[in-house]
Structures are given as C-alpha cells and as structure tokens.
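Bear in mind that the values here come from a model prediction, so they are computed numbers and not experimental data. In this chain, residues are counted from 1 in sequence order.
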Amino acid sequence: MTACVLETAVEDDTAPARPPAPAPAEGPALTIAADGSYAARLLPDPDGGLFAERWTLDGPEPYAVRLPGVRPEEPGSEVLPLADGRVLIRRRLEGRHALALLYPAGPVTGEQPAGSVGRERLRLLPPAPDGVTAYALAPGERSTELWRVHGGPAGPERVTEIPGQCSGGAWLDRDGHLLALDRTVDGRTKTITVHLRRGGETSPLLRITEDSDDRLLLADPDSGLLLLRSNAPGRDRLGWGVLGSARPARFPGALLYGAGGPARPPGTSADGTGGACRAGSGGGAAAAAGTAPVPFAVQPGQTLVPEHCGVALRVDGPDGPRVGVWRPSEDRLRLLTAPRGWLAGTGLWTAEGELRLPYATADVPCGLGRMPLPATAPLLRPARVPRMAFRMISRRDLRAAAARASDTLPGAGAPPGTSPGAPPAGAAGPPPGEPAPPAGGGGGGPGAGDRSASLSSQPVGPSPSRTPSVPRPVPLREMPAACPGTSGRVHDRGPG
C-alpha cells in the first residue's frame with residue numbers, strides 16, 4: 001500500500017513569522033483498547049504513588065477493577081489495555097524500563113513479567129488494531145527506535161531505527177501494518193509512514209509545504225480520513241485530508257482556531273482570501289474563547305465517504321471542556337455538553353452511531369455517557385425545477401399525444417381495425433425535419449417524468465377525419481423531456 005503525500009500551496013502574504021511548533025500533547029486520561037472492549041488508567045493511591053485501574057466497556061454496564069501492585073506505581077509509568085482483558089504496564093527502573101501484564105486474580109492482582117527495554121526513555125504508542133501487539137518509541141539524541149514490546153515471538157524486540165525525533169502515533173489500517181509517526185528533523189516536523197511488514201521502511205505522508213510543521217492527530221482506517229495540524233497557512237490550524245487522495249489538505253473555517261490563540265478575525269475565510277466563515281452552532285463561542293479543538297474519536301464504518309464521517313473533538317472553553325462534533329461536509333462545529341466528570345479527551349464512537357464518553361465522579365466511579373449520533377446520509381442539494389427552452393409544438397403533435405393518452409386511460413379502447421396507441425385516422429405525421437413523437441403508451445423511461453415540466457395539453461381544433469372526442473389531459477410521462485427542435489439540454493438557473 002502506498003500512502004499519499006498531501007501537498008498544497010498555502011499563500012498568506014500577511015502571515016507573521018512562522019511560530020514554533022507546539023509540543024506534543026500529554027497522554028490521555030484513559031486509554032481505550034482498539035476494539036473498545038477495555039480501558040485502563042492510573043489513579044492516585046491514598047497511601048502515595050499510583051495504582052492501575054481497568055475498565056470493562058463492552059458489557060451491559062461499565063465497571064472498573066483496581067489492579068494495585070505489590071508497591072505503588074511511580075509517576076511516569078504507563079498502562080495499555082489489551083483485548084484479552086490484561087493491562088500492559090511500563091515501569092521506569094534504573095537504566096531500563098520493565099514491562100509486565102496485570103490482571104485480576106481474585107482479591108489480589110496477578111502480574112506476569114513481560115521483559116524489559118534498556119533505554120533511557122520509552123513511551124508506549126496507542127493500542128494496535130489487533131488488540132494484542134504493543135509498540136513503543138525510544139527517543140535518542142539523533143534518532144528514535146521503534147520497539148515491539150508485546151506480541152512478538154520472544155519478548156521485546158527492536159523493529160527499526162528512524163533518523164530524527166519521533167512522536168505522535170496513529171494506525172492507518174485495520175491490520176496494524178502501517179503506523180504514522182511525526183518526525184522532527186532540522187527543526188521541521190513532518191508525518192511519515194512506517195511499513196512494519198517491510199522491516200520498518202519509512203515513506204512520507206504529510207508534506208504540505210517545505211518549511212511547515214505538519215502533524216497527524218487522528219486517522220480513520222475505514223474512510224481514510226486524516227485529522228492534522230499544521231502551520232502552513234501562517235499559524236497553527238486544524239485541517240483534514242484523505243489517505244490515498246490526490247486532493248490537497250483543507251483547513252475549514254469551522255475549525256479555525258489557533259493553538260491557544262484567538263480565532264481569525266471575522267471576514268477572513270478558511271483559505272486566507274477573505275469572505276465569511278461559518279462556524280455553525282456554538283462555533284462562535286468557541287472561537288471567541290480561543291480554544292484549540294483536539295480530535296479524539298472518529299465515526300467508524302464510513303467506507304468511501306470520508307466527507308460524511310463524524311469526528312468528536314475536545315473543545316476547552318471558559319465553562320470547562322465540551323464535546324464538539326464535526327463533519328467535513330457540514331462546515332460547522334456542534335458543541336455538546338459533556339457528562340459531569342468526563343475524562344476529557346477520551347471516548348469512542350461505535351459502529352451503531354453512538355458516541356460513548358467515559359466519566360468518573362464520587363457517586364459514579366465508572367460511568368459511560370451515551371450520545372446517539374447516527375450516521376447521516378450524504379447532504380443533498382435542494383431539489384430544483386428545471387427550466388427548458390421551449391418552442392411552439394404543432395397541433396398534429398398535440399393531437400397524436402392526446403390520442404395515445406386516450407388509448408392508455410382505463411376503459412379506453414381502440415376503434416376496430418386499429419392497433420392500440422396508433423394515431424387517429426387521417427392525422428398527418430410530424431413536419432419534415434422534426435423528430436417523431438415518442439411511440440407506445442408505456443411512457444418515457446424511469447425518471448422521465450422528473451425531467452419534464454408540469455404542463456398538460458389537449459387537442460386544439462377539430463380533427464378532419466373523425467368526430468371530436470372529449471379532451472383528456474396528457475399524462476406527464478407522455479410529454480417529451482425536451483421539446484422538438486431544441487437541443488435537449490436543461491438550463492438550470494436556480495430554484496424555480
């Protein structure tokens with residue numbers, strides 16, 4: 001699989017000097033497994049230090065199990081939930097990092113050693129899609145090592161060494177073969193793809209401009225939607241793109257917030273060329289507060305429709321963190337009230353369209369707020385009545401159409417010696433140079449009535465060969481989609 005490089009030229013003559021890239025965000029308050037079955041976090045121990053806690057999320061009601069060790073955990077430890085219910089913990093020891101698997105074993109905590117990594121620094125990456133394998137980054141002075149710390153054949157093993165300082169971490173596929181990392185070289189940050197099946201081979205993923213800092217925040221393997229942050233437009237902004245697409249990265253106005261700075265002044269569009277910018281319901285309040293939305297969950301199952309894929313974001317405001325819901329096709333940010341005690345920046349979106357937000361309070365130590373946000377159908381433009389260029393229709397054509405309509409009406413029969421749908425006796429054909437009217441009483445093909453104007457006609461003048469009959473309206477399906485003598489094109493000039 002070849003990952004596409006999102007490139008676009010962003011012009012902003014009034015942009016200030018390039019600000020420094022923001023530091024990578026800290027780890028989430030709660031880490032959720034890739035399949036949403038379990039979660040884990042570290043809590044302060046009343047006796048000092050920390051202890052691990054595992055949440056079960058795939059049952060009728062969520063519940064938490066404490067996993068205290070023999071001694072309290074030290075600050076700087078990390079936990080990672082696995083799909084089998086165990087929790088991988090990384091502990092900082094003298095000159096190395098020890099790994100272990102924690103699991104409930106009756107009234108005590110079971111612990112299984114899982115090896116160690118002899119590096120000065122080590123950081124666990126987000127859970128792998130398979131729910132079993134775990135990876136970590138070991139930054140050095142001029143390079144970063146990628147380690148498989150669990151799920152390998154023989155304990156922790158180094159996968160590859162990447163030049164530069166790497167951070168972030170997002171999975172691009174459901175098989176866990178493509179890992180995206182933010183790499184900083186010579187003061188510039190770009191996102192790269194690490195091909196794990198090729199021995200850690202790397203390739204560029206985000207390169208908006210040569211001197212911009214481009215970071216990948218979130219990726220959805222189903223739709224290919226990528227949420228990124230870049231200062232290519234002159235300031236740090238949130239944008240989106242599609243994996244494998246040739247279209248450039250876009251920075252919508254609904255997400256036009258600087259990293260801790262004020263929003264762009266009114267009257268400036270998302271592309272920096274001026275114009276109104278719609279922030280939607282609640283977007284103006286968020287912009288005024290100078291917040292920087294951070295995506296944390298994407299609606300799954302939206303294959304081939306990334307523009308309609310929902311994204312959940314954390315939006316910090318004067319009243320505390322709130323939940324923002326945004327879709328690329330809507331160009332607006334909807335702000336929702338998060339449950340009290342929400343572990344801000346954490347949550348998952350189910351395939352059934354439910355956004356689940358974990359929270360913890362004194363009364364409910366393990367809770368899950370549920371917000372039904374079903375998948376929306378693609379936004380369609382309002383229906384328009386087409387306007388066509390008409391010319392006068394000859395009387396012969398109208399009489400022929402009326403005759404066909406009378407034959408197709410219930411109870412109408414054809415005169416003896418004539419076939420159903422035939423024109424009246426003595427009726428002349430169409431004038432030379434004009435196409436014949438549609439034959440048969442079945443009407444036009446599917447959708448022909450939608451393309452026709454709302455008109456009805458009846459015969460004009462007596463027929464020279466038969467007794468005049470009672471005029472009957474011509475069904476819409478009998479009217480030609482384009483009148484004879486015209487080019488047949490529909491001229492759409494806006495709503496009728």
Side-chain angles (χ1 to χ4, degrees), residues 24-45 49-69 72-91 101-104 109 123-129 131 134-136 150 168-171 217-218 227 293-300 311-316 320-325 336-350 354-371:
E26 297 181 356
L30 182 75
T31 302
I32 303 176
D35 60 354
S37 56
Y38 295 96
R41 65 171 178 164
L42 290 171
L43 286 178
D45 193 306
L50 305 170
F51 69 91
E53 183 181 66
R54 189 200 69 181
W55 289 32
T56 300
L57 304 178
D58 58 352
E61 292 294 335
Y63 64 92
V65 176
R66 294 190 175 190
L67 300 174
E73 308 295 343
E74 297 292 335
S77 301
E78 287 183 301
V79 290
L80 188 75
L82 303 179
D84 58 6
R86 295 179 296 176
V87 175
L88 177 68
I89 186 170
R90 176 194 61 81
R91 300 184 177 110
L101 294 172
L102 306 179
Y103 54 93
T109 300
R123 181 179 67 86
L124 296 178
L125 289 174
Y135 291 86
H150 184 263
W171 295 98
L217 303 182
L218 199 63
L227 276 298
V294 178
F296 63 87
V298 181
Q299 180 182 3
V311 180
L313 307 97
R314 168 181 173 169
V315 182
D316 292 325
R322 300 184 66 182
V323 180
V325 176
L336 308 176
T337 301
R340 187 170 62 92
W342 175 43
L343 302 180
T346 63
L348 66 146
W349 212 322
T350 67
E354 186 178 66
L355 181 62
R356 299 179 178 178
L357 304 176
Y359 67 93
T361 63
D363 298 331
V364 183
C366 177
L368 200 61
R370 302 174 186 268
M371 294 184 177

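Rounded to the nearest 0.5 angstrom, R54 CZ and Y103 OH are separated by 12.5 Å. For the atom pair OG1 of T56 and CG of L368, the computed distance is 11.5 Å after rounding to the nearest 0.5 Å. Between R356 atom CZ and T350 atom OG1 the span is 5.0 Å, to the nearest 0.5 Å. Rounding to the nearest 0.5 Å gives a distance of 12.0 Å between CZ of R86 and CG of L80. Residue L102 holds its CG atom at 7.0 Å from CD of E73, rounded to the nearest 0.5 Å. Taken to the nearest 0.5 Å, the CE atom of M371 stands 5.0 Å off from the CG atom of L357.
Nearest heavy-atom pair, G76 versus R90, reported as atom, atom and distance to 0.1 Å: O-NH2, 2.5 Å. Minimum heavy-atom separation, P72 to G49: CB-CA, 3.9 Å. Minimum interatomic distance between P293 and V315 (heavy atoms only, all atoms of both residues): CB-CG2, 4.2 Å. Residues L88 and A134 share a closest heavy-atom pair of CD2-CB, 3.7 Å. The nearest pair of heavy atoms linking P127 to A34 is CB-N, 4.0 Å. Listed here is the closest heavy atom pair of A29 and T346: N-CG2, 4.1 Å.
D35 and S37 are linked by a side-chain donor-acceptor pair at a separation below 3.5 angstrom, with hydrogens and angles left out of the test.
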Go through L43 and L50 one step at a time and tell me if the side chain to side chain contact (heavy atoms under 4.5 Å, CB included) criterion holds.
CA-CA 5 Å; L43 286 178; L50 305 170; over 6 Å; no
Would you sort out whether V323 and R314 count as a side chain to side chain contact (heavy atoms under 4.5 Å, CB included), showing the intermediate values?
CA-CA 5 Å; V323 180; R314 168 181 173 169; over 6 Å; no
Going through the distances and angles, do R91 and E74 end up as a salt bridge (charged side-chain N to carboxylate O under 4.0 Å, His left out)?
CA-CA 7 Å; R91 300 184 177 110; E74 297 292 335; over 6 Å; no
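For the pair E53 (side chain) and V65 (backbone), a donor-acceptor distance under 3.5 Å is absent.
The 12-atom threshold is exceeded at CZ of R370, counting heavy atoms of other residues, nucleotides or ligands nearer than 6.0 Å.
The shortest side-chain heavy-atom distance between L82 and L101 falls under the 4.5 Å cut-off. Counting heavy atoms from C-beta on, the side chains of L336 and V325 come closer than 4.5 Å. By the 4.5 Å heavy-atom criterion applied to side chains, T109 and P104 are not counted as neighbours. V364 places a side-chain heavy atom less than 4.5 Å from the side chain of Y359. Within the 4.5 Å cutoff, the side chain of W55 has heavy atoms near those of the L343 side chain.
Here W349 and F296 keep their ring centres 6.0 angstrom or further from each other.
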